[in-house]
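Structure record follows, encoded as structure tokens.
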Amino acid sequence: MNAALLPTHVIGADPADKSFLLAVEALTVSFDGFKAVNDVSFYVDPNEIRVIIGPNGAGKTTVLDLICGRTKASSGSIKYKGQELTKLSESAIVQAGVGRKFQTPSIYDDLTVSENLEISFPRGRSVFGALTFKRDAEVRDRIEEVAHMIFLKDQLLERAEFLSHGQKQWLEIGMLLIQDPELLMLDEPVAGMSVGERIKTAELLNQIIKGRSVLVIEHDMKFVEDIAHRVTVLHQGKVLSEGSMERVKNDPKVIEVYLGH
Ligand code: ADP
Ligand code: MG
């Protein structure tokens, strides 16, 4: 491999290094010979917010599909806390602590905010006899805590269908948070949100990275500037550039791709 082509922080990276929460290496998937993701490598640290940007069709959503196991890689590796994910099923990947939000919210419209959060609470922790009471209290506390984080504390008894578009997005983030994933992946979370909702979403993401990392796909550059620790730019299935927003924004390769669109 030509080291000159790699972003500086990757040079010398040891694949066995467990200090990365997520290590994606030489990840490739072809659909009928078309490489939607082509030899992609990147590394996410604990407590990092990484944003993936790139033109439509760059392969961003496919990268998330590969990490969460919805799509199987043709080759390459995805290590999460040192554990290889490419061999695991979607549900085993969730169990391992990877949560993923899709572009359209999948909340239950006819349930309340509280009920939506409750059904997402992980089952089977303590379900026997006297422990049920303890668990109920634990679930209630956790629902309140998460509702507060997602700005829906006053809407707990409201049916989800009456929430605004932005509030529905927050609720779905809450349904993931209640499972306490160590890696949270969000595909265009602020699409269709008002400016005020975008600012609050940035606040939310900056809060929830205590104890976890977030991988976000986003187009809104103001939002990216507000949240990204580092940015990975994808183009035609490959990593075009990577680094701080400042660095990526001034990269001539990135400017060329964005001006061309
Ligand atoms: P982005 O999210 O960056 O806009 P995608 O990851 O959705 O891009 O898509 C990347 C490319 O892969 C596109 O050309 C898309 O048509 C193609 N693609 C994605 N998923 C599939 C699939 N399941 N089968 C065939 N082609 C796909
Ligand atoms: Mg996409």
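In this text the structure is predicted, and so the values were computed from the model without any measurement. The basis for the numbers below is simple: all heavy atoms, side chains too, and nothing from hydrogens, waters or symmetry mates. Just so you know, ligand 1 is whichever comes first in the structure, and atom 1 is the first atom listed for that ligand.
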Open item on the list: Under 2.8 Å from the Mg ion (ligand 2), is there any N, O or S atom belonging to Thr62?
Closed with: no
Just distances here: any N/O of [X] and N/O of ligand 1 closer than 3.5 Å?
{"X": "Gly59", "result": "yes"}
{"X": "Ala36", "result": "no"}
{"X": "Ala58", "result": "yes"}

Task: Candidates Arg100, Arg70, Lys60 - the one meeting side chain to side chain donor-acceptor pair (under 3.5 Å) with Asp65 - done: Arg100
Open item on the list: Checking side-chain polar atoms at under 3.5 Å, does Ser77 have a donor or acceptor matched by the opposite partner on Glu84?
Closed with: yes
Open item on the list: Is there a salt bridge (Lys or Arg N to Asp or Glu O under 4.0 Å) between Glu242 and Arg50? Walk through the geometry before answering.
Closed with: CA-CA 10 Å; Glu242 190 174 83; Arg50 172 69 56 93; 3.2 Å; yes
Open item on the list: Check contact between Gly57 and ligand 1, using heavy atoms of the residue and a distance below 4.0 angstrom.
Closed with: yes
Open item on the list: Let's go through Lys222 and Asp226 carefully: what are the C-alpha distance in whole Å and the side-chain angles of both, what is the deciding distance for salt bridge (Lys or Arg N to Asp or Glu O under 4.0 Å) to 0.1 Å, and is it a yes or a no?
Closed with: CA-CA 6 Å; Lys222 171 73 177 71; Asp226 285 349; 2.9 Å; yes
Task: Lys101/Gln169 under side-chain contact (heavy atoms from CB on, under 4.5 Å): CA gap, chis, key distance, verdict - done: CA-CA 9 Å; Lys101 182 192 172 310; Gln169 302 282 335; 2.7 Å; yes
Task: Proximal atoms of ligand 1 relative to Asn56 (non-hydrogen, under 4.0 Å) - done: 4 (O)
